[in-house]
Amino acid sequence: MLTPDVVTSVLAEFTAHLATEAEPAGLLPARQQMALSLGWHIILACFGVAFPAMIFAMHVRGIRRNDPVALGLAQRWAKVSAVLFAIGAVSGTVLSFEMGVLWPGLMGTYGDVLGLPFAFEGLAFFLEAIFLGIYLYGWGRMPPKRHVMMVLPMAITGIIGAYCVLAVNAWMNVPTGFKMVDGEVTDVQPWAVLFNQHAFLQFAHMWVGAYMLAGFSVAGVYAVGMLRGRRDAHHRLGFMVPFVFASIAAVTQPFVGHVLGFGLDDRQPAKLAAFELAETTESPSPLRLGGVLVDGEVKGAIDIPYLGSLIAMNSPDKPVPGLDTIPEDEHPPVNMTHLAFQTMVGIGTLLAGAVVLFWVQRRRGKDLLEKRWFLRFAAVAGPLAVIALESGWIATEVGRQPWVVYGVMRTTDAVGDYTASLWWLLGTTTVVYSLMTWGAVVVLRSMARRWREGAIDLPSPYAPDVRAER
């Protein structure tokens, strides 16, 4: 059972791990800075990847059916996308500087290896901004069929940019495309890094997750509106289109994640052992739900026989490699990795089950949008998808420790050693990101309020209310 004593032991173990790993002294603030920046930016990146496709679908519906409601939603979503893009540009720029400032050992050694993916990511970002501007300006100024096509470059460049970043992360998990000769990086093959064997599956997992996050979040906004009595065509359509995208993603994601896990016992056995909370090698291995590892003993877990081998190893009896087979100095923070992984899987399973229930009931002639309990669930599905996505990143990044480039460079060798400056940087970044979050909420709420009051066209998110001045 997870008694207070067990929880105290887990926290003590984690604190001891940080203290042990925090050499050089700049490691802890660098990790916290990167976690804050990536954890914040990744939410905006998901909208950059998935939102253009939803806008395109809504706009095409409006043109084909001559539907003013759909056209109005597409125009509003584009303006929301512009606000999110502007904020994401700030956080993305911060991240580009952080790679060199926080991890000079990594970038100084492998800069030639990683230069091409980062260059393409920057190019894709600027092209996305250009076509977003054309699309926003094109309303009423371009033929409808030509205008709607301006969304496609936005969607494509968003996907390319995300793929380039995921290719770098996949390379950190499965390094390739270079040789080390006397401690120097030689024979760099940039295209091998960009199209490494692991990148496509890791990108697919993230891409589908982006549609879950953006789809459930946008649908949740209209679910809240329906809970408040706004059950018009605007709210129903605004809910259904992103919910369709989220539904497809939610039922697809478990399969993509399962395929991504193939071969993890060979690539990163310590990470797999932490995912499964496998302290020792058992045949067959059970599936452990919950639980923590305290003093080398699993506590508080519910074991389901055989399922661990079946799910992780695609075999009824093949064992999951235990932590006892891996040198102790190569163990990741086991409890954090395990709980983050199970949080991701648990929420993903819940969301997949919910959308299956919705569409099964709809096929039977029952509309769950008339049920307040379902609307309440839909309202929190977006935050749940955010938690699942963040948990997945925690699992994959923390689970790779103590390596920044698996099997090649440890995180302690990648970080810079200027502790005091990094703590100041972390504090400043926290304040800046808090202000950006507050500003985004204020701007989006202002736009939503004026739309509800009947404003059709907002020239900018911060334009004055002309009617109030009269």
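Along the sequence shown, residues are numbered consecutively beginning with 1. Model, not experiment: these values are computed from the prediction.
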Donor-acceptor under 3.5 Å ([X] side chain, [Y] main chain):
{"X": "Ser96", "Y": "Thr93", "answer": "yes"}
{"X": "His331", "Y": "Ala270", "answer": "no"}
{"X": "Tyr163", "Y": "Leu194", "answer": "yes"}
{"X": "His198", "Y": "Trp171", "answer": "no"}
{"X": "Thr157", "Y": "Met154", "answer": "yes"}
{"X": "Ser391", "Y": "Thr343", "answer": "no"}
{"X": "Arg288", "Y": "Asp303", "answer": "no"}
{"X": "Thr325", "Y": "Pro321", "answer": "no"}
{"X": "Asn173", "Y": "Asn169", "answer": "yes"}
{"X": "Asp266", "Y": "Gly263", "answer": "no"}

When you compare the side chains of [X] and [Y], does any donor N or O come within less than 3.5 Å of an acceptor on the partner?
{"X": "Lys271", "Y": "Thr396", "value": "yes"}
{"X": "Gln197", "Y": "Thr176", "value": "no"}
{"X": "His59", "Y": "Tyr135", "value": "yes"}

Can you name the closest pair of heavy atoms from [X] and [Y] and give their distance?
{"X": "Leu384", "Y": "Ile347", "answer": "O-CG2, 3.3 Å"}
{"X": "Ser285", "Y": "Ser309", "answer": "N-OG, 2.7 Å"}
{"X": "His41", "Y": "Ser91", "answer": "ND1-OG, 2.6 Å"}
{"X": "Leu293", "Y": "Glu279", "answer": "CD1-CG, 3.7 Å"}
{"X": "Ala167", "Y": "Ala199", "answer": "CA-CB, 4.0 Å"}
{"X": "Ala124", "Y": "Ile160", "answer": "CB-CG2, 4.1 Å"}

Within a strict 4.5 Å, meaning less than it, do heavy atoms of the [X] and [Y] side chains meet?
{"X": "Val165", "Y": "Met206", "result": "no"}
{"X": "Pro117", "Y": "Val193", "result": "yes"}
{"X": "Tyr110", "Y": "Pro175", "result": "no"}
{"X": "Val148", "Y": "Phe56", "result": "yes"}
{"X": "Met150", "Y": "Leu152", "result": "no"}
{"X": "Pro402", "Y": "Thr412", "result": "no"}
{"X": "Ile304", "Y": "Pro286", "result": "no"}
{"X": "Val320", "Y": "Phe275", "result": "no"}

Side chain to side chain contact (heavy atoms under 4.5 Å, CB included) between Gln32 and Met34: does it pass, once the steps are laid out?
CA-CA 6 Å; Gln32 301 303 314; Met34 206 68 186; over 6 Å; no

Derivation and outcome, side chain to side chain contact (heavy atoms under 4.5 Å, CB included), residues Glu128 and Phe85
CA-CA 9 Å; Glu128 184 179 4; Phe85 185 89; 3.6 Å; yes

Relative to the ring of Trp207, is the ring of Tyr211 parallel (under 30°), tilted (30 to 60°) or perpendicular (over 60°)?
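Rings of Tyr211 and Trp207: perpendicular, over 60°.
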
Aromatic ring pairing Phe47/Phe51, orientation class (parallel under 30°, perpendicular over 60°, tilted between)
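Because their plane-to-plane angle is over 60°, the rings of Phe47 and Phe51 count as perpendicular.
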
Please indicate whether [X] has more than 12 foreign heavy atoms, meaning atoms of other residues, nucleotides or ligands, lying under 6.0 Å from its [atom1].
{"X": "Asp112", "atom1": "CG", "value": "no"}
{"X": "Leu435", "atom1": "CG", "value": "yes"}
{"X": "Trp40", "atom1": "CH2", "value": "yes"}

Between [atom1] of [X] and [atom2] of [Y], what distance do you get to the nearest 0.5 Å?
{"X": "Thr337", "Y": "Leu277", "atom1": "OG1", "atom2": "CG", "answer": "10.5 Å"}
{"X": "His205", "Y": "Leu260", "atom1": "NE2", "atom2": "CG", "answer": "6.0 Å"}
{"X": "Leu444", "Y": "Leu84", "atom1": "CG", "atom2": "CG", "answer": "6.0 Å"}
{"X": "Thr252", "Y": "Met212", "atom1": "OG1", "atom2": "CE", "answer": "9.5 Å"}
{"X": "Ile387", "Y": "Ile394", "atom1": "CD1", "atom2": "CD1", "answer": "10.5 Å"}
{"X": "Glu121", "Y": "Leu166", "atom1": "CD", "atom2": "CG", "answer": "11.0 Å"}

Please identify each residue that fulfils salt bridge (Lys or Arg N to Asp or Glu O under 4.0 Å) with Glu397, with sequence neighbours left out.
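Scan of Glu397 (salt bridge (Lys or Arg N to Asp or Glu O under 4.0 Å), adjacent residues dropped) gives Arg400.
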
Show me, pair by pair, the donor-acceptor contacts under 3.5 angstrom made by side chains of residues 243-250, not counting sequence neighbours?
from: Ser247; atom 1: OG; to: Phe243; atom 2: O; distance (Å): 2.7
from: Ser247; atom 1: OG; to: Trp359; atom 2: NE1; distance (Å): 2.9

Could you walk me through whether Gln342 and Glu276 pass the side chain to side chain contact (heavy atoms under 4.5 Å, CB included) check?
CA-CA 9 Å; Gln342 293 219 324; Glu276 302 298 322; over 6 Å; no

With sequence neighbours left out, write down each residue that passes ring-ring contact (aromatic ring centres under 6.0 Å, His included) with Phe262, or none if nothing qualifies.
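For Phe262, the residues satisfying ring-ring contact (aromatic ring centres under 6.0 Å, His included) (neighbours in sequence not counted) are His258.
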
Do Leu369 and Phe374 pass the side chain to side chain contact (heavy atoms under 4.5 Å, CB included) test, and can you show the C-alpha distance, the side-chain angles, and the key distance before you say yes or no?
CA-CA 7 Å; Leu369 291 182; Phe374 180 80; 4.2 Å; yes

